[in-house]
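What follows is a set of notes on a single structure, which appears directly below.
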Number of protein chains: 4
Amino acid sequence: MDMIVVMKASAAAADIDRVVERVRELGLVAHPSKGEFRTIVGAIGQKTPEAQEQLEQLPGVDEVMAITQPYKLASREFHEADTILDIKGIRVGGPHVNIIAGPCAIESREILFGVGKAVKEAGASILRGGAYKPRTSPYSYKGMGKEGLELLQQAGQELDMPTITEVVDPRDVEIVGEYTDIFQIGARNMQNFNLLLEVGKTDKPVFIKRGLAASITDLLMSAEYVLSQGNHRVILCERGIRTFCEETRFTLDVSAVPVIQERCHLPVFIDPSHAAGKRDLVPHLALAGIAAGAAGAIVEVHSCPERALCDGPQAVLPMNFVKLMEQIRQIAEIVDHRVTLWGREDAVVRRSAGGGWAT
Amino acid sequence: MDMIVVMKASAAAADIDRVVERVRELGLVAHPSKGEFRTIVGAIGQKTPEAQEQLEQLPGVDEVMAITQPYKLASREFHEADTILDIKGIRVGGPHVNIIAGPCAIESREILFGVGKAVKEAGASILRGGAYKPRTSPYSYKGMGKEGLELLQQAGQELDMPTITEVVDPRDVEIVGEYTDIFQIGARNMQNFNLLLEVGKTDKPVFIKRGLAASITDLLMSAEYVLSQGNHRVILCERGIRTFCEETRFTLDVSAVPVIQERCHLPVFIDPSHAAGKRDLVPHLALAGIAAGAAGAIVEVHSCPERALCDGPQAVLPMNFVKLMEQIRQIAEIVDHRVTLWGREDAVVRRSAGGGWAT
Amino acid sequence: MDMIVVMKASAAAADIDRVVERVRELGLVAHPSKGEFRTIVGAIGQKTPEAQEQLEQLPGVDEVMAITQPYKLASREFHEADTILDIKGIRVGGPHVNIIAGPCAIESREILFGVGKAVKEAGASILRGGAYKPRTSPYSYKGMGKEGLELLQQAGQELDMPTITEVVDPRDVEIVGEYTDIFQIGARNMQNFNLLLEVGKTDKPVFIKRGLAASITDLLMSAEYVLSQGNHRVILCERGIRTFCEETRFTLDVSAVPVIQERCHLPVFIDPSHAAGKRDLVPHLALAGIAAGAAGAIVEVHSCPERALCDGPQAVLPMNFVKLMEQIRQIAEIVDHRVTLWGREDAVVRRSAGGGWAT
Amino acid sequence: MDMIVVMKASAAAADIDRVVERVRELGLVAHPSKGEFRTIVGAIGQKTPEAQEQLEQLPGVDEVMAITQPYKLASREFHEADTILDIKGIRVGGPHVNIIAGPCAIESREILFGVGKAVKEAGASILRGGAYKPRTSPYSYKGMGKEGLELLQQAGQELDMPTITEVVDPRDVEIVGEYTDIFQIGARNMQNFNLLLEVGKTDKPVFIKRGLAASITDLLMSAEYVLSQGNHRVILCERGIRTFCEETRFTLDVSAVPVIQERCHLPVFIDPSHAAGKRDLVPHLALAGIAAGAAGAIVEVHSCPERALCDGPQAVLPMNFVKLMEQIRQIAEIVDHRVTLWGREDAVVRRSAGGGWAT
C-alpha cells in the first residue's frame with residue numbers, strides 16, 4: 001500500500017469511481033474501502049512523486065497520504081545493516097567514531113601543517129581544510145583555491161591522514177577530486193542537485209551537510225541523488241538548523257542523529273563548530289552529539305583563531321582539542337562506539353579491563 | 001562609526017589598549033569612550049567581514065556590534081530612488097506592478113501557448129515556464145531542458161511578452177541566456193554564489209528568490225553578488241520561509257516586502273504559489289502581497305493542473321486568474337501602484353473619473 | 001473512518017489481530033484491509049485523543065493517522081455558515097470588517113479619551129486599551145488595573161463604542177467582565193486552559209490571539225475550550241509567530257486567515273501592530289491582512305507614542321490611522337467585505353454608484 | 001554604559017541635542033561621541049524597559065542597543081557561583097546530577113508506587129507525577145486533581161523521595177504546595193506571569209520549563225519573576241522548542257544548557273521525553289543533555305505505556321530506565337558531574353579505582 005486517498009465525507013460515488021480509475025491509469029492497483037462516513041482508496045504499486053499531487057486534486061478527495069518514504073537507496077529497508085566506509089584504511093560508520101579536524105579555511109602552509117599535526121596527535125583521523133569557501137558576502141575571503149588544494153594534499157600525505165574539502169561548483173568536481181579523499185557538500189549546496197549528480201558520478205566518499213532549513217527527508221533525498229548515480233559512499237552531517245534562537249549561530253538538532261540512524265544506513269556526523277559559532281560551546285555540543293550516537297564530528301581547530309580569515313570565533317585551540325578528544329573517546333565507549341585513532345583501524349584504542357586506555 | 005566594540009565590565013586597561021591597537025592595525029580609526037562601568041571602542045572606516053570576527057575574540061571584549069549594513073550596492077544609502085527596470089519596454093519596479101504568470105514546468109507546446117495566451121489576456125505582462133526544474137527527488141520530472149527553452153522563446157515572441165525561466169547551474173547560464181529575457185534564481189540556489197557570479201556577468205535581469213531560511217540580509221547579500229559583477233538589473237522575490245506551520249507549504253513573510261523596500265532600491269515581488277502550495281490560497285496571498293506594496297507577483301497557472309507534471313496542486317486555473325488580475329489591479333491602485341498590462345507601458349489601464357478601468 | 005492504523009511490512013498476523021482487538025476494546029469498529037505489502041486497519045467511531053497514542057505503541061504498528069480533526073464545535077462541519085456576532089449592535093464576522101483601535105495600555109484619561117475619539121472618527125468600531133499588561137520583565141509597567149478598567153468603560157460609554165481589554169488571570173474574569181464588552185486572551189495565555197474555561201462560562205465575546213508557536217489546530221483547540229463551556233461568541237486573531245526573522249518583532253502569518261476560514265466558522269482578525277513592532281510597517285501588514293480576507297484588525301494608536309509606557313514604537317499616530325482606515329475600506333470592498341463604521345450596522349458606508357463613500 | 005543610541009548619518013545637530021536631553025530626563029547620564037559619519041550617544045545608569053522603546057522613536061535615531069541584560073537576580077553578574085539547592089537533603093545544581101522520573105500523569109496508586117519504586121532503585125532521586133494536566137484538547141484526560149496530589153505525597157513519603165508536580169493555576173498554588181516538594185511550571189505557562197508571582201511568594205523550589213517559542217532571555221526573565229518575589233530556589237529546564245522539524249515532537253535545543261549556564265547561576269535540566277515524543281529517542285537525548293553539562297533530566301517512565309492516559313508513546317519502560325541511568329552516571333562523571341542517588345548526598349556513588357560503581 002503506497003498511498004491512501006482519503007475521500008471527503010461528502011464525496012459522491014462518481015468521485016470515488018474517478019479516483020479508482022485514475023489510480024489504475026497511473027499504473028497502480030486501487031483498493032477502495034468503504035467506512036461508515038468516508039471511503040478511503042488504497043493505491044498499491046510503485047508510485048511516482050507526480051501521482052500523489054495529481055490525485056490530491058481530484059474532486060471529492062480530502063487528502064492523499066504517502067505510506068512509503070520517497071527515498072529508496074538511502075533507506076534501512078533497502079540496506080538494513082550500517083554502511084561502513086573504508087577511506088584509506090579508516091573505517092567510518094557502524095561502531096566506529098571518527099573526528100575530522102582542521103582549520104576552517106586553508107590560509108597558509110604553516111597553519112595547516114601545524115594544526116594538522118596537533119589534531120592528529122590528539123586523535124583526529126581525518127584532516128579538513130577549505131580551499132573554496134562559500135561566503136555570504138561577496139567581499140569576504142574566498143579561500144586559496146587550487147593552491148589550497150595542493151597544500152591540503154601535501155598535508156594529508158605527510159601526516160598520513162585522509163583529507164576532506166568542500167566543492168561548491170559542478171565545474172570544480174574534477175579538479176577537487178584530484179586532490180582530496182572526501183568531497184564535502186556544504187549546507188548551502190545540499191540541494192544543488194547538479195553538484196550532487198556530479199559527485200555521484202565519482203567514486204570518492206561524499207560528506208553532505210544538512211541544509212539550514214532541510215527536513216530529514218530532504219537530506220536523505222539529497223543522499224539519494226548521489227546514491228542514484230552509483231556512488232554508495234555517502235556520509236551525512238547535522239550542522240544546525242535555523243530557528244528563532246539567536247544565542248547560537250544555528251540550533252544543533254541533536255535528535256537528527258538517532259532519527260536518521262533509524263531510517264538510514266549511512267553514517268551520521270555532527271558539526272558542533274558551525275552550529276555553535278562560539279568556541280566555548282563547541283565541546284558541549286560535540287559531546288552531546290557523540291552521546292546521542294553520532295558516528296563522528298567535524299571540528300574546526302586553529303592555532304591563532306583571532307587572526308583567522310574565516311570563522312575564527314568558533315575555532316577551538318589545539319590544547320583544548322586534546323581534552324575534548326579524551327572526553328569524546330570515553331563517551332563513545334559508553335554508548336558502544338569506539339574512536340578511530342591516528343588514521344588506522346589497527347590503532348584503535350581499547351579500554352583495558354582495568355578501565356584505562358591503551359593502543 | 002562602523003563598529004562598536006563593547007568591553008566587559010571586568011576588562012583591564014591592557015585589554016582596552018590591545019583592542020585599540022588591533023583596530024588601528026586593521027586600518028580603522030579607534031575611538032575609545034570610557035563609561036562609568038564599561039568602555040566602548042568605536043572603529044571608524046571601511047571594515048571587512050573578517051575584522052568583526054577577529055575583534056570579538058580579543059580578551060576583555062564582550063561584543064562587537066556592526067553599525068553599517070554589510071551590503072552596499074543594494075542599499076538605499078547607495079541608491080536612494082527606486083530602481084525601475086526596462087525589460088523589452090515593460091517597466092518593473094517603482095510604481096509599476098507586474099504579474100508574471102505561466103505554468104510551473106514547460107510540458108508541451110500546447111499547454112504553454114494556451115496558458116500564455118490566457119494569462120496575457122487577463123493582464124499578465126511576463127511569461128514564466130520552467131525548462132530545468134530543481135526537484136527534491138532524483139526520481140521527479142526534471143523538465144524539457146533545451147527543447148523547453150525553445151518553446152518558451154517562441155511563446156514569448158508570438159505573444160509579445162518577455163519571458164523568465166530558471167537557471168540552476170553555472171554551466172547553463174550561456175545557453176539559458178540565449179533563450180530567456182530574465183534569469184530566475186530559485187530559492188534553493190539563492191546562495192549558490194558561483195551561479196550568482198555567472199548571471200552577474202551577463203546584462204540580463206536576474207530574479208532572485210529568497211531562500212527557505214534566508215534572512216533579509218542574506219537575500220540582499222545575494223543581490224550584492226550580482227550587483228558587484230556590474231549587472232544592476234536585479235529583482236527580489238519573497239516566496240515563503242520554512243517555519244513550524246504545516247498548513248501551508250511555506251509561510252509567506254509578507255512583511256519582507258516593506259522591510260526590503262525600506263533598505264533596498266530593487267523591486268520586490270512575491271510568489272504566492274510556492275508559499276501556499278494549494279491553489280485555493282493563492283489569490284488570498286497574492287492580494288496580501290500587492291496590498292503590502294509588492295512590485296508584482298509570480299503566479300503559476302495551468303489549464304489542466306490535475307495532470308501537471310510539477311506542482312499541479314498550486315496552479316490556478318485560467319478562469320480564476322482573470323478574477324485575480326481584476327482584484328490585483330484595484331488593490332494596486334489603492335496603494336498607489338498601477339499594473340502594467342499587455343507588456344507595454346503605454347497600454348497601462350487607468351481608472352477613469354467614474355471609477356471604471358479602460359485601456 | 002476516524003483513524004487509520006498502518007502496520008509495518010514486517011507485522012505478523014498476531015500483531016494485526018492484536019490491533020483489531022484493541023480497536024474494538026476502545027469502543028471503535030475495526031476495518032482491516034490487506035494490501036500487497038502492508039495491512040492497514042481503519043478504526044471507525046468517536047475516537048479519544050488517548051486512543052491514537054495507545055494504538056501507536058502496539059507491536060507491528062508503523063503509524064496511526066487521524067482522519068478527523070480534533071476540534072468539533074469550532075469546525076465548519078459542525079457549523080457551516082460564518083458565525084456573525086452582534087456586539088452592542090456591531091456585527092462582527094461574515095462580510096463585516098471591523099477595526100479595533102486604541103492605545104496599547106490605558107495610561108491616563110486624557111490619552112485614552114483623545115485617542116478613542118480620533119479612532120472613532122476615522123472609522124474604528126471597537127475601542128481597545130490594556131489595564132492588566134502581561135510583560136516579559138517583572139520590572140516593566142504593568143498597567144493601571146481596576147482604575148484602567150473604569151476609564152475604559154467610561155470611554156466606551158461616552159464614545160458609544162464597545163470595548164475590549166485583556167484578562168490574564170482566571171481570578172480576574174469576574175471583575176474584568178463587569179467593565180468590558182469583549183475579553184481579550186493574549187498570545188502568551190492562548191493555552192492557559194483554566195483561563196479559557198473561565199471566560200467560556202461567561203456570555204461575553206472572547207477574542208483569542210494565536211500563540212507565538214501555536215499551530216492552527218492548537219488555536220482552534222483553544223477556541224474549542226471556550227465553545228465547550230457554552231460560550232459560542234469567539235473571535236480568533238493572527239498576531240505573528242516566532243520565526244528566524246529578526247527584522248520584525250514576529251512574522252505575520254497572513255495565510256492563517258484563509259486557512260482558518262476554510263476550517264472554522266469563527267471570525268478571524270489580524271494584529272499588525274504586535275507582528276510588526278514598528279509603526280512604519282503597520283499599515284502594510286494591516287492592508288495585507290484585509291486583502292487576505294480578514295474580518296478585521298486590531299491596531300494600536302497613540303497620540304504621543306514616544307512617551308508611551310508600553311509598545312510605543314509600534315503605535316500608529318492618529319493622523320496616519322485616518323489614511324489607513326480609508327485604504328482598509330477600499331480594499332475590504334474589493335474582497336467583498338465592508339467596514340463597519342462608527343459602531344453601528346446602520347451606519348455602514350456604502351459605495352455609491354459613482355464610486356465614492358457615503359454614510 | 002547601559003544603552004547606546006546610534007544616530008542616523010543624516011541626523012541633525014538638533015536631533016542629537018534632543019536625544020541627549022531625553023536621556024537626562026530619563027534619569028540617565030548622556031555621553032555623546034561624534035564619529036566621522038555618525039554620532040552615538042551612550043546612556044549610563046539604571047535604564048527601564050520603557051526608556052529604550054522611547055528613545056528609539058526620537059527623530060534622527062537609527063537604533064538603540066542595550067548593553068546590559070534585562071535580568072538581574074538570575075544573572076552570573078549578580079550571583080557568580082552556581083546555585084545549589086538543598087531539597088530534603090538532595091543537592092541540586094553545581095556538580096550534582098539528579099534524575100527526576102515517574103509517570104506523566106498520576107493514574108492510579110498501583111502504577112505510581114510501582115513506577116516510583118522502580119525508578120528509585122535505578123537511581124532517580126526525585127519522583128514526578130502530574131495531578132493537573134494542561135491538555136491541548138478540552139476532551140483529553142485532565143488528571144486526578146487533589147486525589148492525585150495525595151497519592152504523590154504518600155509515594156514520596158513511602159519511597160523517601162522529594163516530589164515534583166505541575167501547578168497550572170494561581171488559585172491552586174496553595175493546595176498544590178501542601179502536597180508537593182517542588183512546583184513545576186509547564187512550558188505553556190512559562191509566561192503566565194501571575195502564576196510565577198504566586199509561586200515566587202512561597203518558599204518551595206520552582207522548576208520552570210522553557211516555552212515552545214521562548215528565547216533564553218525570555219526564560220531567564222520568567223525566573224526573574226520568581227526571584228523578584230524573594231524565592232531564590234529556581235531550576236530551569238530545556239524541553240524542546242518548536243521548529244520546522246516534524247520528526248520529533250519538539251526540537252531539543254541542547255545548546256541552551258551551556259548558554260544558560262554561562263549567563264545564569266541556576267541549575268539547568270533537560271526534558272528528553274517531551275522533546276522526543278517517542279520513547280526510542282529518549283535515551284539518546286537524555287545522554288546528549290547530560291554530556292552537554294545539564295544538572296539533570298526529567299524522564300517519563302511508565303510500566304504499561306500502551307495503556308497510559310497521557311503521553312504513553314514517550315514513556316520509557318522501567319527496565320530500559322535502568323540501563324539509561326547507568327549510562328547517565330558514567331557520562332556525568334566524564335563531564336565532571338556526579339549523580340545523586342537514592343535521594344541523599346551521602347549515598348552518592350563514586351567510581352572506584354577499578355572502574356566500577358559503589359555506594
Side-chain angles (χ1 to χ4, degrees), chain C residues 22 48-50 53-58 70-72 132 134-142 168-172 187-197 200 211-215 217-218 221-222 224-229 241-242 278-279 305-315, chain D residues 22 48-50 53-58 70-72 132 134-142 168-172 187-197 200 211-215 217-218 221-222 224-229 241-242 278-279 305-315:
Chain C
R22 189 84 181 93
T48 59
E50 288 74 49
E53 284 186 354
Q54 295 182 354
L55 289 169
E56 265 171 37
Q57 301 176 63
L58 293 181
Y71 42 84
K72 293 177 178 60
Y132 299 92
R135 303 302 297 274
T136 304
S137 167
Y139 311 122
S140 291
Y141 177 70
K142 296 294 184 312
V168 297
D169 190 318
R171 296 171 299 189
D172 296 339
R188 286 174 179 74
N189 280 309
M190 192 202 87
Q191 294 194 318
N192 185 334
F193 301 117
N194 283 8
L195 180 60
L196 294 171
L197 292 175
L212 286 62
S215 69
T217 299
D218 287 345
M221 290 309 286
S222 290
E224 191 85 7
Y225 261 92
V226 177
L227 299 169
S228 71
Q229 299 302 300
I241 55 171
R242 198 160 253 181
K278 290 176 203 161
R279 79 173 58 93
E306 75 273 16
R307 299 215 171 235
L309 295 173
C310 176
D311 284 347
Q314 73 199 33
Chain D
R22 189 85 179 92
T48 60
E50 288 74 49
E53 284 187 354
Q54 295 182 354
L55 289 169
E56 265 172 35
Q57 301 177 65
L58 293 181
Y71 42 84
K72 292 177 179 60
Y132 299 92
R135 303 302 297 273
T136 303
S137 167
Y139 311 121
S140 291
Y141 177 70
K142 295 294 185 311
V168 298
D169 190 319
R171 296 172 298 189
D172 296 338
R188 286 173 179 76
N189 279 308
M190 192 202 86
Q191 294 195 319
N192 185 334
F193 301 118
N194 283 8
L195 180 60
L196 294 172
L197 292 176
L212 285 63
S215 69
T217 298
D218 288 344
M221 291 309 287
S222 290
E224 192 85 7
Y225 262 91
V226 177
L227 299 170
S228 72
Q229 300 303 301
I241 56 171
R242 198 160 252 182
K278 291 175 203 161
R279 79 174 58 93
E306 74 275 14
R307 301 215 169 234
L309 295 173
C310 175
D311 284 348
Q314 73 201 32

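Every chain is numbered from 1 and lettered A, B, ... according to where its sequence line falls, protein lines coming before strand lines.
- Heavy-atom pairs under 4.5 Å with chain C were tallied for Leu195(D), Leu55(D), Asp169(D); the largest tally goes to Asp169(D).
- Within the 4.5 angstrom heavy-atom criterion, no atom of Lys278(C) approaches chain D.
- The two atoms that bring Asn192(D) and Val168(D) nearest to each other are ND2-O, 4.1 Å, heavy atoms only.
- Heavy-atom pairs under 4.5 Å with chain D peak, among Lys142(C), Arg171(C), Met190(C), at Arg171(C).
- Only the side chain of Arg242(C) comes within less than 4.5 Å of a heavy atom of chain D; its backbone N, CA, C and O stay farther away.
- Proximity of a side-chain donor or acceptor of Glu224(D) to a complementary backbone N or O of Lys72(D) within less than 3.5 Å is detected.
- Highest contact tally toward chain C, considering only Pro70(D), Pro170(D), Ala308(D), is held by Pro170(D) [criterion: heavy-atom pairs under 4.5 Å].
- Only the side chain of Phe193(C) has a heavy atom closer than 4.5 Å to any heavy atom of chain D.
- Looking only at heavy-atom pairs under 4.5 Å with chain C, the residue among Gln229(D), Gln314(D), Arg279(D) that has the most is Arg279(D).
- When heavy atoms are compared at a cutoff of 4.5 Å, Arg22(C) approaches chain D solely by way of its side chain, counted from C-beta outward.
- Ranked by heavy-atom pairs shorter than 4.5 Å toward chain C, the options Asp218(D), Leu196(D), Thr136(D) are led by Thr136(D).
- Formation of a donor-acceptor pair under 3.5 Å by the Glu53(C) side chain with backbone atoms of Asp311(D) is found in this model.
- Heavy atoms of Glu50(C) lying under 4.5 Å from chain D belong exclusively to its side chain.
- For a residue to count as touching a neighbouring chain, one of its non-hydrogen atoms must lie under 4.5 Å from one of that chain's; by this rule Thr217(C) does not touch chain D.
- Atom OH of Tyr132(C) sits about 9.5 Å away from atom CG of Asn194(D), to the nearest 0.5 Å.
- Among Arg188(C), Met221(C), Gln191(C), Arg307(C), the residue making the largest number of heavy-atom pairs under 4.5 Å with chain D is Arg307(C).
- In terms of non-hydrogen atom pairs under 4.5 Å with chain D, the most contact-rich of Ser228(C), Gly312(C), Ser222(C) is Gly312(C).
- Interface residue Pro305(D): backbone and side-chain heavy atoms are both found under 4.5 Å from chain C.
- Using a 4.5 Å cut-off between heavy atoms, Pro134(C) touches chain D through backbone and side chain atoms alike.
- Glu56(C) touches chain D through its side chain: at least one heavy atom from C-beta onward sits under 4.5 Å away, while N, CA, C and O do not.
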